[in-house]
Amino acid sequence: MGEELLQDSEISDLCDRCSKDAGIDLRRLLTTAGDDELRLTQNAQPALCFVGIALTGLLRRKGIEPFAAAGHSVGEYAALAAAGSITPPQVIKAVVERGKAMAEAAPAGTGSMAAVLGLDAQAVEVALAGMNDAWPANYNTPTQTVIAGTTAGLEVATQRLQRAGAKRVVPLNVSAAFHTPLMAPAAERLRQALERIEWRAPRIPVMANLTGRPHQGGDRIPHVMEMQLRSPVRWAACIASLTENGCDTFIEVGPKRALTGMMRELAPGRTAVAVAAPAAIQELSLPG
């Protein structure tokens with residue numbers, strides 16, 4: 001995930017500082033960890049967050065400054081770091097705590113998530129009405145909602161959604177039911193860790209997954225991020241807020257390009273590109 005990034009001396013030094021503060025071997029997670037290890041949320045979260053922070057730093061070195069920011073799930077932490085609300089070592093320490101709390105609240109194999117394609121969000125909500133073991137977890141686009149719940153709950157939910165007309169219900173390769181009430185114990189533990197951090201008000205607008213609207217003062221961030229963990233990600237609303245704020249070019253930073261693929265539906269006509277490595281940033285050319 002991060003071999004090429006760590007060839008840069010500044011990023012390599014930052015990785016070491018983050019590892020020391022968070023008490024993890026971040027370098028190993030970024031270079032030699034296997035897929036099974038990275039599937040565990042306590043490992044995936046700090047690795048993904050660091051990649052986003054590092055790529056944002058390289059974009060700034062190229063003279064590309066964000067006007068506003070948003071991040072999906074753990075990506076919101078990287079967005080807050082990009083906005084100056086928290087330092088990179090602090091944010092990696094925070095997401096390590098977040099990952100540990102999530103893993104302990106829902107041991108691997110007890111729950112998961114699935115993408116519902118071809119059914120609008122309201123129809124998904126109607127299909128799952130009355131269930132207490134499966135819920136909408138990510139409102140990604142008007143035609144893609146991710147659900148999450150217990151293993152048994154997802155089986156029942158899938159049957160309901162197929163009867164309601166979903167084109168496909170695709171299981172996701174994740175280890176627990178994130179952004180649902182099952183995360184309540186993890187959210188409470190996370191809040192305690194976040195309150196030990198001195199959060200600053202973002203220097204640029206950062207859209208909150210919880211509301212789809214900008215974060216306000218730094219003192220509110222621990223509460224908002226606690227609730228984010230146990231509540232659905234309102235990604236479509238985040239992008240709508242960014243476009244309302246005048247954003248017309250979107251850069252996804254991270255190892256994949258799933259969010260860029262959503263932009264055709266969320267912000268048609270706007271420029272959307274993904275950068276996953278330093279070489280992609282060197283080659284990046286944006287409209288004037």
What closest approach, in Å, do [X] and [Y] show between heavy atoms, and which atom pair accounts for it?
X: A267; Y: T243; result: CB-CG2, 4.1 Å
X: A166; Y: L119; result: N-CD1, 4.0 Å
X: A129; Y: R160; result: O-NH1, 3.0 Å
X: P46; Y: L29; result: CG-CD1, 4.4 Å
X: G149; Y: W135; result: CA-CZ3, 4.2 Å
X: A148; Y: M113; result: CB-CG, 3.6 Å

Any donor-acceptor pair under 3.5 Å linking the side chain of [X] with the backbone of [Y]?
X: T180; Y: L182; value: yes
X: E252; Y: F250; value: no
X: N43; Y: E37; value: yes
X: N245; Y: C247; value: no
X: N138; Y: N140; value: no
X: S19; Y: L26; value: yes
X: E4; Y: A279; value: yes
X: S241; Y: G212; value: yes
X: E283; Y: A280; value: no

Transitively linked via ILVMFWY side-chain contacts under 4.5 Å: [X] with [Y]?
X: L266; Y: L117; result: no
X: Y77; Y: M183; result: yes
X: L80; Y: I92; result: yes
X: W235; Y: V124; result: no
X: M263; Y: L286; result: no

What distance do [X] atom [atom1] and [Y] atom [atom2] have between them, rounded to the nearest 0.5 Å?
X: D16; Y: D21; atom1: CG; atom2: CG; value: 11.0 Å
X: T87; Y: K93; atom1: OG1; atom2: NZ; value: 10.0 Å
X: M225; Y: E76; atom1: CE; atom2: CD; value: 4.0 Å
X: L55; Y: I251; atom1: CG; atom2: CD1; value: 10.5 Å
X: R168; Y: Q144; atom1: CZ; atom2: CD; value: 10.5 Å
X: L58; Y: I53; atom1: CG; atom2: CD1; value: 12.5 Å

Would you kindly say whether [X] and [Y] are connected by a side-chain donor-acceptor distance under 3.5 Å?
X: R98; Y: Q228; result: yes
X: T158; Y: E155; result: no
X: H179; Y: N209; result: no
X: S12; Y: R27; result: yes
X: S85; Y: R200; result: no

Counting C-beta onward and ignoring hydrogens, is there a side-chain heavy-atom pair between [X] and [Y] closer than 4.5 Å?
X: V273; Y: L284; value: yes
X: L48; Y: P255; value: yes
X: D120; Y: T143; value: no
X: M102; Y: L229; value: yes
X: V253; Y: V51; value: no
X: L128; Y: L161; value: yes

Assess the residue pair R234 and T211 against the criterion (side-chain contact (heavy atoms from CB on, under 4.5 Å)); give the C-alpha distance rounded to whole Å, side-chain angles, the decisive distance to 0.1 Å, and a yes or no. CA-CA 7 Å; R234 300 189 178 278; T211 62; over 6 Å; no
Apply side-chain contact (heavy atoms from CB on, under 4.5 Å) to residues I221 and L194 and explain how you reach the verdict. CA-CA 8 Å; I221 291 175; L194 297 182; 6.0 Å; no
Is atom [atom1] of [X] surrounded by more than 12 heavy atoms (other residues, nucleotides or ligands) closer than 6.0 Å?
X: E244; atom1: CD; answer: yes
X: R28; atom1: CZ; answer: yes
X: E198; atom1: CD; answer: no
X: R60; atom1: CZ; answer: yes
X: R61; atom1: CZ; answer: yes
X: K20; atom1: NZ; answer: no

Looking at D13, T31, L14, which one forms a side-chain contact (heavy atoms from CB on, under 4.5 Å) with L6?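 Result for side-chain contact (heavy atoms from CB on, under 4.5 Å) with L6: T31.
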Apply the test side-chain contact (heavy atoms from CB on, under 4.5 Å) to residues T249 and R270: give CA-CA distance (whole Å), side-chain angles for both, the deciding distance (0.1 Å), then the verdict. CA-CA 6 Å; T249 300; R270 269 94 171 173; over 6 Å; no
Under a 4.0 Å N-O cut-off, is there an ion pair linking R191 with E195? yes
Regarding R230 and E226, does a basic nitrogen lie under 4.0 Å from an acidic carboxylate oxygen?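 Yes.
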Could you walk me through whether Y139 and V146 pass the side-chain contact (heavy atoms from CB on, under 4.5 Å) test, one step at a time? CA-CA 7 Å; Y139 292 100; V146 171; over 6 Å; no
